[in-house]
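A, B, ... follow the sequence lines: proteins, then strands. Residue 1 opens every chain. Atom set for the values below is all heavy atoms of this structure, side chains included, hydrogens, waters and symmetry mates excluded. Keep in mind it's a predicted model, so treat the numbers as computed, not measured.
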Number of protein chains: 2
Amino acid sequence: MTDPRIERSRMLILRAAVEELGEVGYGGVTIESIAARAGVGKSTIYRHWPDKLDLIADAFETFHERMVPELGIQSVHDSVALLLRHVADVVVDSRFSRCIPALIEGAERDPRVREFHHRYSAERRQALIDLIAVGIDAGEIGPEVDPELATTALLGAIFYRRLMTPTPLDPGEADRLVDLVLR
Amino acid sequence: MTDPRIERSRMLILRAAVEELGEVGYGGVTIESIAARAGVGKSTIYRHWPDKLDLIADAFETFHERMVPELGIQSVHDSVALLLRHVADVVVDSRFSRCIPALIEGAERDPRVREFHHRYSAERRQALIDLIAVGIDAGEIGPEVDPELATTALLGAIFYRRLMTPTPLDPGEADRLVDLVLR
DNA sequence: GAACAACGAAACGTTGACGTATCGCTCCGA
DNA sequence: TCGGAGCGATACGTCAACGTTTCGTTGTTC
């Protein structure tokens with residue numbers, strides 16, 4: 001069998017990496033700080049990952065939260081609002097909130113970070129696009145609405161408030177946002 | 001009189017700093033690279049600014065572009081679209097495009113950068129908010145539209161596309177965006 | 001044109017992080 | 001129970017950027 005110590009170290013390190021990323025940003029993370037937080041020797045990290053970026057990407061991918069709350073049987077409008085409330089929650093509250101600027105900045109310069117960041121965003125975005133498309137098919141949303149553009153406006157508003165203003169969007173405002181964009 | 005060499009050096013350095021910031025981001029800027037680009041001795045920089053952040057903030061504030069194209073006499077709808085096209089242009093093309101992630105990330109950790117970033121965003125946002133309010137007063141836009149929320153959705157979409165996807169919003173798409181958000 | 005201020009270049013010491021290597025210790029699997 | 005794998009600690013060399021200092025040169029002021 002494979003030594004259980006390996007998996008244990010891996011998890012300690014990945015968890016510490018995400019926490020560290022959220023607290024000090026991509027530029028601020030150091031292997032040494034991750035090792036210290038994980039209670040692990042620096043050498044153990046280099047044993048498992050070739051370099052910092054591999055570790056960070058692995059950590060983020062392992063621990064990221066899924067943007068898929070249970071959508072009960074309800075109107076598409078309410079499902080969209082629920083989804084947005086969840087995104088707003090994650091963007092404001094979670095450990096990953098502070099990773100977002102780190103990812104954005106990292107993506108700017110490192111092609112691997114960029115690829116990861118864009119793929120990750122696209123995956124989360126798709127659920128919303130699909131949902132709106134369903135609403136259009138069902139006649140609940142006007143056919144003139146472009147699901148992709150609407151999704152961009154909805155998510156954009158949430159991220160804009162988080163990144164460019166001192167007051168992130170309160171999840172309670174999500175309904176008003178849906179009312180505005182999905183006529 | 002004060003020595004003209006001082007002002008000349010200042011301008012060379014500030015210009016170089018903005019360019020450098022745009023090319024390599026906040027984390028990537030070094031005093032030495034700015035000095036080299038400005039064709040100036042490193043000591044000259046330290047003669048004028050106490051540290052890197054002071055220099056960067058000064059540079060950004062000195063050279064930032066205003067978000068105010070001439071708004072001719074036309075419908076509010078068209079004015080909004082024009083304004084958004086301009087924002088999309090700046091966000092995609094200008095030297096400042098690559099400063100945005102740098103500012104976002106910097107704001108995350110440095111209160112001085114944050115204060116600057118939020119104030120700067122708010123100033124640019126206000127023109128759009130006012131414009132939409134005018135449109136509502138004129139009856140051109142439905143009274144149920146919240147100018148602030150609509151502005152957030154409009155600008156948010158532009159920044160979202162720039163920051164989270166590989167394909168920034170084409171200025172030509174601005175009209176569709178306005179159609180979507182301002183019913 | 002003399003005194004002086006600002007300058008560019010370059011050397012310097014310092015710091016912080018990288019990634020490597022070594023070395024006992026401990027835990028695991030056979 | 002024993003050999004080996006994984007581990008933490010620690011020391012090491014390297015590098016890049018910081019911010020300081022020195023010094024001879026150039027441009028400015030009076």
* **Reference residue B:Ser121; test side chain to side chain contact (heavy atoms under 4.5 Å, CB included); the match among B:Glu123, B:Arg119, B:His117** => B:His117
Which nucleotide, [options], lies nearest any side-chain atom of [X]?
X: B:Arg47; options: D:dA5, C:dC7, D:dG19; answer: C:dC7
X: B:Asp51; options: D:dT28, D:dG8, D:dG19; answer: D:dG19
X: A:Glu32; options: C:dC18, D:dA17, D:dG27; answer: C:dC18
X: B:Thr30; options: D:dA17, D:dG4, D:dT28; answer: D:dA17
X: A:Pro4; options: C:dC7, C:dC28, D:dA17; answer: C:dC28

* Over 12 non-hydrogen atoms of neighbours within 6.0 angstrom of CZ in B:Arg183 -> yes
Using whole Å, what does the distance between atom [atom2] of nucleotide [N] and atom [atom1] of [X] come to?
X: A:Ile6; N: D:dC7; atom1: CD1; atom2: C1'; answer: 11 Å
X: B:Lys52; N: C:dG16; atom1: NZ; atom2: C1'; answer: 14 Å
X: B:Ile45; N: C:dA6; atom1: CD1; atom2: C1'; answer: 15 Å
X: B:Lys42; N: C:dG13; atom1: NZ; atom2: P; answer: 14 Å
X: A:Leu55; N: C:dC18; atom1: CG; atom2: P; answer: 10 Å
X: A:Tyr46; N: D:dT10; atom1: OH; atom2: C1'; answer: 15 Å
X: A:Leu53; N: C:dG19; atom1: CG; atom2: C1'; answer: 16 Å
X: B:Arg8; N: D:dT28; atom1: CZ; atom2: C1'; answer: 14 Å

* Which atom pair, heavy atoms only, marks the closest approach of A:Leu21 to A:Val29? -> CA-CG2, 3.6 Å
* Confirm from the modelled atom types if A:Ser43 and D:dA9 form a donor-acceptor pair under 3.5 Å, side chain to base only. => yes
* To do: Please determine, by modelled atom types, if B:Arg125 and A:Tyr160 share a side-chain donor-acceptor pair under 3.5 angstrom.
  => yes
* Looking just at side-chain N and O atoms, do B:Arg162 and B:Ser97 make a donor-acceptor pair shorter than 3.5 Å? -> yes
* According to a strict under-4.0 Å criterion, is A:His48 in side-chain N/O contact with OP1 or OP2 of D:dC7? -> yes
